[in-house]
Undergrad: 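Quick one: structure below, then a few questions.
Below, chains carry the letters A, B, ... as their sequence lines are ordered, and counting in each starts from 1. Since the model is a prediction, treat every value here as computed from it, not as a measurement.
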2 protein chains.
Amino acid sequence: MIITIKKIAQLAAVSQGTVDRIIHNRGQVSQENIDKVNAIIKEYGYKKNIFASNLAFNKKFKFAIFLPKNEGLEYWKIPVNGIERAEEEFEKFGVTLDYYFYKYDSISFKKIASKIVDKKYDGLLFAPIFHDESILFLNQCKKINLPVVMIDSNIKEVDSFAYIGQDAFQSGYLAGRLVCYNSTMENNVLIIKITREIESTSVYLQRIKGFYSFFKDHEGEGSANFKFSEITLKDSGQKQLNLKMFEGINTIFIPNSRSYIVAEFLKKNNLNHIVLVGYDLLQENVKYLKDGVIDFLINQKPEQQGYLGVEYLYKKIILKENVENTYYMPLEIIIKENC
Amino acid sequence: MIITIKKIAQLAAVSQGTVDRIIHNRGQVSQENIDKVNAIIKEYGYKKNIFASNLAFNKKFKFAIFLPKNEGLEYWKIPVNGIERAEEEFEKFGVTLDYYFYKYDSISFKKIASKIVDKKYDGLLFAPIFHDESILFLNQCKKINLPVVMIDSNIKEVDSFAYIGQDAFQSGYLAGRLVCYNSTMENNVLIIKITREIESTSVYLQRIKGFYSFFKDHEGEGSANFKFSEITLKDSGQKQLNLKMFEGINTIFIPNSRSYIVAEFLKKNNLNHIVLVGYDLLQENVKYLKDGVIDFLINQKPEQQGYLGVEYLYKKIILKENVENTYYMPLEIIIKENC
DNA sequence: TTGAAAGCGCTAACAC
DNA sequence: GTGTTAGCGCTTTCAA
């Protein structure tokens with residue numbers, strides 16, 4: 001049997017109002033009553049009825065969603081799917097979402113950021129791409145007591161905020177192992193960075209660090225040899241690729257979701273022997289995985305990151321639960337057979 | 001603005017009671033009013049307030065959990081963890097669970113099964129091990145309109161029940177691929193069945209089928225050769241293992257969670273060159289995975305199966321949502337680097 | 001500092 | 001067939 005506020009009031013010989021004040025620390029109660037009520041709560045183990053609470057509270061909750069704009073790049077569509085799934089699920093609990101998308105420049109970012117701060121949301125789901133600007137923004141959020149959950153990448157400089165996403169370094173480390181599964185005696189590994197970002201804190205750079213780190217940790221083990229080279233391409237498709245780049249290469253690592261660009265080129269030019277490891281289950285990537293051009297994809301479940309982000313806010317703000325502040329998504333290895 | 005029953009009643013110029021009857025199909029309403037109210041609902045998009053609904057309903061929900069007893073075998077502990085996590089989470093929504101564990105004999109099973117049927121639960125989470133007995137039991141459940149969700153293995157003979165779990169065949173197929181990653185030119189594959197089950201429908205047999213199927217589908221591809229043999233051991237530890245069994249063997253597939261038994265033997269006898277693929281992240285298995293004795297574990301997330309099973313019942317019975325009837329867990333490939 | 005009570009939206013029992 | 005209403009447990013306001 002679960003005890004109610006009414007019962008507590010009876011047992012303590014006070015009114016419901018007094019019990020409520022004590023439970024919510026609203027003050028204006030005598031110490032005597034505080035002690036009396038707390039003793040009863042302790043003895044009987046009061047748990048608030050979440051249905052009655054929210055019904056009486058009768059408030060709608062507004063969360064802001066603040067993500068990079070999906071400009072022709074499928075990647076940023078995926079978390080939105082998860083967010084929309086969560087939106088549907090939590091609508092009945094009074095949750096509504098406002099979406100904000102910033103372009104890949106810091107002016108657009110700042111403009112929208114200040115709009116969000118002004119609008120007095122109950123919570124914020126945020127994917128920080130620009131490191132310095134994000135820190136400024138997060139500090140503002142802190143000032144106005146706006147609960148934040150970050151996805152995709154973390155900003156550790158501002159604490160007290162939650163993060164749901166990948167361990168980028170470890171995922172690169174994992175990629176190192178995967179590359180070995182199809183290795184030969186002599187391996188020339190090419191790392192291709194296809195990006196417009198310049199941030200030195202970017203996720204893909206941490207992945208590359210993890211990748212190298214794997215080989216450092218396993219130096220001298222086994223008999224296979226690995227040599228590495230890197231190239232950087234502007235984010236404009238495969239026009240910049242040419243056959244020369246791939247001479248002598250038998251292994252390629254693409255540290256972000258753009259591996260389909262390289263896969264397309266490899267397929268066209270019949271470079272079938274090359275092992276290719278990339279990230280994220282974009283439609284195009286999956287196509288080349290099933291084709292056998294891409295060998296491994298590491299999945300960080302961006303869809304679920306979006307869903308879990310909203311769920312985090314819901315649990316924290318509406319249910320007032322204690323939720324873990326950091327959640328690293330498991331690193332999924334995706335091959336043709338478990339896709 | 002979300003419309004309420006009260007508003008609908010006003011708009012339709014009927015009472016709340018009438019609206020309620022129409023929404024819940026309780027009958028005893030004139031067709032005229034049904035049409036009027038439905039038109040309004042359609043226009044304004046009524047969604048019931050789940051807080052008010054459950055507060056008024058004010059019922060506790062009792063689910064039965066019916067699983068094989070964990071007799072020294074860690075595997076059946078794991079879904080219970082997930083179930084307990086769900087229990088904690090849904091307690092505040094009025095969910096309570098009763099646990100029943102049956103021993104590995106059909107008499108124990110039947111006895112407890114009839115107890116559950118008598119007790120009039122609101123829902124049932126069930127792991128069917130005994131095929132024929134389970135069909136009988138499920139038919140009884142159907143008769144008394146008890147909603148059921150199955151985990152771990154599915155009984156397809158009785159429809160209208162939900163299933164959350166693995167695609168056993170596909171997971172064996174996947175194991176086939178994994179075995180190839182560390183293959184040489186000539187491979188002798190040993191499949192070790194460590195079990196006390198005799199059911200011809202058992203999960204592990206479907207896994208073996210999938211495993212062979214992979215090699216059939218890839219016959220003639222590549223240059224590696226595979227030969228297969230099988231042994232069956234009673235479920236009594238590694239005393240039955242001997243070095244002779246492993247002569248010439250370079251690959252082992254264990255189609256259930258007992259791979260640690262073989263791993264222990266391999267380690268003791270320094271059989272380091274053998275590739276070992278198994279199932280499930282039992283503590284012991286993980287230990288040997290990190291040790292490098294086990295190469296791959298396929299994870300079917302039994303913990304999450306338990307959690308999702310309870311969540312399914314909650315969503316279906318308390319929230320009255322439409323929930324998918326079959327959910328196949330993704331097949332996770334676990335190696336040292338993403339454990 | 002405290003008590004009383006309205007009301008959140010829905011369910012279900014009862015009266016007509 | 002239909003309308004009325006108590007009550008679920010909590011929040012919040014107003015009065016004392």
Side-chain angles (χ1 to χ4, degrees), chain A residues 1-38 40-41 44-61 90-95 122 317-321, chain B residues 1-38 40-41 44-61 91-96 122 317-321:
Chain A
M1 186 54 205
I2 282 166
I3 200 166
T4 66
I5 286 187
K6 204 174 168 183
K7 285 243 173 72
I8 296 174
Q10 278 173 10
L11 288 167
V14 297
S15 74
Q16 289 189 49
T18 301
V19 175
D20 181 76
R21 275 173 212 116
I22 292 166
I23 288 173
H24 294 94
N25 289 313
R26 287 197 237 281
Q28 318 222 288
V29 210
S30 68
Q31 190 58 47
E32 191 197 341
N33 279 338
I34 293 179
D35 295 341
K36 238 197 302 187
V37 166
N38 277 332
I40 293 170
I41 286 177
Y44 290 85
Y46 172 75
K47 274 207 162 187
K48 108 160 76 188
N49 181 318
I50 207 76
F51 295 127
S53 172
N54 280 289
L55 177 61
F57 196 47
N58 193 31
K59 179 174 164 0
K60 296 285 161 263
F61 298 88
F90 298 123
E91 188 193 2
K92 58 173 143 321
F93 298 124
V95 171
D122 300 298
I317 295 160
I318 294 161
L319 299 186
K320 285 152 198 137
E321 277 179 17
Chain B
M1 186 52 206
I2 281 165
I3 199 166
T4 67
I5 286 188
K6 204 174 170 182
K7 285 245 173 71
I8 295 175
Q10 277 173 12
L11 288 168
V14 297
S15 75
Q16 290 190 48
T18 301
V19 175
D20 181 73
R21 276 173 211 114
I22 292 166
I23 288 173
H24 294 93
N25 289 313
R26 286 198 237 279
Q28 318 221 292
V29 211
S30 68
Q31 190 59 46
E32 191 196 341
N33 279 339
I34 294 180
D35 295 340
K36 235 196 306 187
V37 167
N38 278 332
I40 293 170
I41 287 177
Y44 291 85
Y46 172 74
K47 276 210 159 186
K48 109 160 75 190
N49 182 317
I50 206 76
F51 296 127
S53 171
N54 279 289
L55 177 60
F57 198 47
N58 193 31
K59 178 173 160 12
K60 295 285 162 262
F61 297 89
E91 188 193 2
K92 58 174 144 321
F93 299 125
V95 171
T96 33
D122 301 297
I317 294 160
I318 294 162
L319 299 185
K320 285 152 198 138
E321 277 180 16

Undergrad: Determine the minimum heavy-atom distance between A/Arg21 and A/Gln28, stating which atoms define it.
TA: CD-O, 4.3 Å
Undergrad: Between C1' on C/dG7 and CG on B/Leu55, what's the gap in Å once rounded to a whole number?
TA: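 After rounding, the gap between these two atoms is 12 Å.
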Undergrad: Atom NZ of B/Lys36 to atom P of D/dG1: distance rounded to whole Å?
TA: 15 Å
Undergrad: Mind calculating the distance between NZ (A/Lys60) and C1' (D/dT11) to the nearest angstrom?
TA: 15 Å
Undergrad: With sequence neighbours excluded, what pairs up with A/Lys92 under the salt bridge (Lys or Arg N to Asp or Glu O under 4.0 Å) test?
TA: B/Glu321
Undergrad: Can you name the closest pair of heavy atoms from A/Tyr46 and A/Ile5 and give their distance?
TA: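 That closest heavy-atom pairing would be OH-CG1, 3.5 Å.
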Undergrad: Find the distance A/Phe93:CZ to C/dG9:P and express it as a whole number of Å.
TA: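 Computing the A/Phe93:CZ to C/dG9:P distance gives 16 Å.
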Undergrad: Can you check whether A/Ile23 reaches A/Ile41 side chain to side chain, under 4.5 Å on heavy atoms?
TA: yes
Undergrad: B/Thr18 side chain N/O closer than 4.0 Å to the phosphate oxygens (OP1, OP2) of D/dG1?
TA: no
Undergrad: Quick check for you: among D/dT2, C/dT1, C/dC8, whose closest atom lies nearest to any side-chain atom of B/Asn33?
TA: D/dT2
Undergrad: In this structure, how many angstroms lie between the C1' atom of D/dT13 and the CG atom of A/Asn58, rounded?
TA: 15 Å
Undergrad: Contact between A/Arg26 and A/Asp20 at the side-chain level, heavy atoms closer than 4.5 Å - yes or no?
TA: yes
Undergrad: Take nucleotides 10-16 of chain C nucleotide by nucleotide from the 5' end and write B, S or -, depending on whether a protein heavy atom sits under 4.0 Å from the base, only from the sugar-phosphate, or from neither.
TA: BSB----
Undergrad: Quickly work out the A/Phe51 CZ to D/dT11 P distance and round it to whole Å.
TA: 14 Å
Undergrad: When the ring planes of A/Phe51 and B/Phe93 are compared, do they come out parallel, tilted or perpendicular, using 30° and 60° as the limits?
TA: tilted
